[in-house]
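Numbering of ligands and ligand atoms starts at 1, following listing order.
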Amino acid sequence: MRVLVIGSGAREHALLLALRRDPEVETLAVAPGNAGTAVIADQYDVDITSGDAVATLARRIGADLVVIGPEVPLVLGVADAVRGAGIACFGPSKDAARIEGSKSFAKDVMAAAGVRTATSEIVDNPAHLDGALDRFGPPAGDKAWVVKDDGLAAGKGVVVTADRSAARAHAAGLLDSGHPVLLESFLDGPEVSLFCVVDGEAVVPLLAAQDFKRVGDDDTGPNTGGMGAYAPLPWLPDAVVAQIVDEIVKPVAAELVARGSSFSGLLYAGLAITSRGPAVVEFNCRFGDPETQAVLALLETPLGQLLYSAAIGDLAGEPALQWRDGSAVTVVLAAENYPGRPRVGDVIVGSEADGVLHAGTSRREDGAIVSSGGRVLSIVGTGADLTAAREAAYALINSIRLPGSHFRGDIGLAAAEGRVSV
Ligand code: GLY
């Protein structure tokens, strides 16, 4: 099988590494990729937001399967163009990708499916903002205001704050730039990312993971695209995972089928495990980053065959997934000033070791690997348990040199110390 992966982050690097372990996968291609993926796949520079460009490339290189990593091409309908060219594609249609692309569509689907989520209100008129802020946030008994961009914002459109003026400033800024705002009630409890391979009503869950969205240790500072993750979750009972699949993911998948927007691809449920049980924070229409880097490090089932089965409508016949024992931890190495405008162009030393996945990297003409984005590398450690996996990840990240870079020191720490419970 010849597989083309679309995207350029550490998530796509992790997908390529897992695909390479599948004996059915003969050749790998990636577009546009980065300095790390160039070593393991043929690399092509095309506009990945163009369905025509991606379908043309897939046909030209004889791809049997296209796997689309990021949300932007999915929301723009690139998967439809690839399928239209007669090539199997792992990724939802433009219609189904609205589960991530439009928070109001997702809320509507969840309401119809009877799935528990935060209460919410869309504000698209600045004159209605203060009244809406009065109805949400601390005075109403919640611990914080939750203010979201209604569209795609790469994880950085969300502000969760107990400071009303900060909540108001974020919402007003979004409205000023023409973006509707979603205000939500605050969901308390530890967060879980559960990735499910979905085809219509067939749902296959992967290992549950947890990511760390704030830039600083102890969940301080602004939100980012994700600073680290670990899997599996020692504190999450299997029964709760089964409950999430049966009471949340399957009803949402069935509701999408009923609406004629059947989902085929990776449905990512972001949840809070509240005192009243799991509740949805958000759905995404693709693998999460950086959780994928940890989850796929433990997958033994051949990934190419799994994704191909989903893409051709055969998922229901797949055997149960096989996982390596132990834990995996991902720690993100970020450039100076990230999540603000990152410093780029610095030489990275030590980025070619096993377990180092590339995101914001490129190769200079002299052959040096340099930083070219905010999240530069994802460092993956595995071990017999979470403590051993953390030690492996932190030993590796401490061996890498990138001027001005930073990372969180507490990825998976609370869980390893038994301080997370439901
Ligand atoms: N881990 C957050 C995301 O992928 O959106």
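With L303 as reference, L15 is the one residue of L15, V67, V3 to meet the side-chain contact (heavy atoms from CB on, under 4.5 Å) rule.
Side-chain atoms of E291 and Y268 form a donor-acceptor pair, as typed in the model, at a separation below 3.5 Å.
Taking any N or O of K213, backbone or side chain, none lies under 3.5 Å from an N or O belonging to ligand 1. Considering backbone and side-chain atoms together, E282 places no N or O closer than 3.5 Å to any N or O of ligand 1.
The ligand atoms of ligand 1 that sit less than 4.0 angstrom from a heavy atom of D211 are 1 (N), 2 (C). Interface atoms of ligand 1 facing G288, defined by a heavy-atom separation under 4.0 Å, are 4 (O). When each atom of ligand 1 is checked for a heavy atom of N284 under 4.0 Å away, the hits are 5 (O).
Under a 4.0 Å heavy-atom criterion, Y268 is in contact with ligand 1. Heavy-atom separations between R286 and ligand 1 include at least one value shorter than 4.0 Å.
Taking the six-membered ring where tryptophan is involved, the planes of F287 and F195 are perpendicular, since the angle between them exceeds 60° and thus also 30°.
Checked by atom type and distance alone, the side chain of Q43 pairs as donor or acceptor with a backbone atom of N34 at under 3.5 Å. No side-chain donor-acceptor contact under 3.5 Å links R390 to the backbone of V329.
Here the shortest heavy-atom pairing between R116 and P278 reads NH2-O, 3.7 Å.
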